Amino acid sequence: MPLLPPRRSARWLLVLLGAAGLLVAGLLWADSAGPGTPAQDTVLAIVGVSGLIAAILTAFGAFGARATFACAMLGLLIGLAHMIWVAEHPYGGMEDLAAIVNFYLYGLIGLGIGALIDFGRWLGARSRRP
């Protein structure tokens, strides 16, 4: 049984909820490591951005680009782990801003690698057709 559902499956809605929940929980964890509690505006922004990222990536996966979804989510999770580590070990300066940039950068790197994998698979399947 594959880890990700087949394309255009209704189970991608569960993947969307899981991915959005994981991103929201991780980003809220990183935000709560700082002094004070996060403001309501911050929490709503985190939920909105995480939901949008998860929806876009899940749409890629649901329409057949499963490697793009998997690699981008892996990149985002690596960036999230880095962001949480920076939040738990504050040094002062601009490390928190760099961690946010790295979060998106790792996600973009994963997106690019996954897109290359899916493109290669598409070319391979196309060349095998008579």
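Along the sequence shown, the residues carry numbers beginning at 1. The structure presented is a predicted model; accordingly, all values stated were derived computationally and were not measured.
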Say whether Leu52 and Met83 are linked into one hydrophobic cluster, either directly or through other cluster members, by side-chain heavy-atom distances under 4.5 angstrom. yes
How many angstroms lie between atom CG of Leu111 and atom SG of Cys71, to the nearest 0.5 angstrom? 9.0 Å
Can you give the donor-acceptor pairs under 3.5 Å from side chains of residues 97-104 to other protein atoms, not counting sequence neighbours?
{"residue": "Asn102", "atom": "ND2", "partner": "Ala98", "partner atom": "O", "Å": "3.4"}

According to a 4.5 Å side-chain heavy-atom criterion applied to Ile, Leu, Val, Met, Phe, Trp and Tyr, with indirect links allowed, do Leu80 and Leu108 form part of one hydrophobic cluster? yes
Could you tell me which non-hydrogen atom of Leu57 sits nearest to which non-hydrogen atom of Ala72, and how far apart they are? CD2-CB, 3.6 Å
Tightest non-hydrogen contact, residues Ala67 and Ile117, listed as CB-CG2, 3.6 Å
Are Ile113 and Ile56 connected in the hydrophobic side-chain network, where two residues link if heavy atoms are under 4.5 Å apart? no
Looking at side-chain heavy atoms only, is the closest gap between Leu13 and Leu17 below 4.5 Å? no
Within this structure, what is the CD1-CG distance for the pair Ile53 and Leu76, rounded to the nearest 0.5 Å? 6.0 Å
Mind checking the CG-OG1 spacing from Leu27 to Thr42? Nearest 0.5 Å is all I need. 12.0 Å
Grab the two heavy atoms, one from Gly51 and one from Ala20, that are nearest each other, plus how far apart they are. CA-CB, 4.3 Å
Which pairs with one or both residues in residues 105-130 pass ring pair (Phe, Tyr, Trp, His ring centres under 6.0 Å), sequence neighbours excluded? Phe119-Trp122
Given the rule that I, L, V, M, F, W and Y join up when any side-chain heavy atoms are under 4.5 Å apart, are Ile109 and Phe60 in one cluster? no
Please, which pairs that meet side chain to side chain donor-acceptor pair (under 3.5 Å) have at least one residue in residues 49-60, sequence neighbours excluded? none
How long is the gap from CE on Met73 to CG on Leu22, to the nearest 0.5 Å? 5.5 Å
Of all the heavy-atom pairs spanning Arg11 and Pro6, show the shortest one and how long it is. NH2-CD, 3.3 Å
What salt bridge (Lys or Arg N to Asp or Glu O under 4.0 Å) pairs are there with at least one residue in residues 52-65, not counting sequence neighbours? none
Among all residues two or more places apart in sequence or in another chain, which pass the salt bridge (Lys or Arg N to Asp or Glu O under 4.0 Å) test with Asp118? Arg121
In short, Leu4 meets Ala70 closest at the heavy-atom pair CD1-CB, 4.1 Å
Sequence neighbours excluded, every pair satisfying salt bridge (Lys or Arg N to Asp or Glu O under 4.0 Å) that has a member inside residues 72-97: none
Phe69 and Trp12 aromatic centres sub-6.0 Å: yes
Would you say Val43 and Trp29 are hydrophobically clustered, going by side-chain heavy atoms of ILVMFWY under 4.5 Å? yes
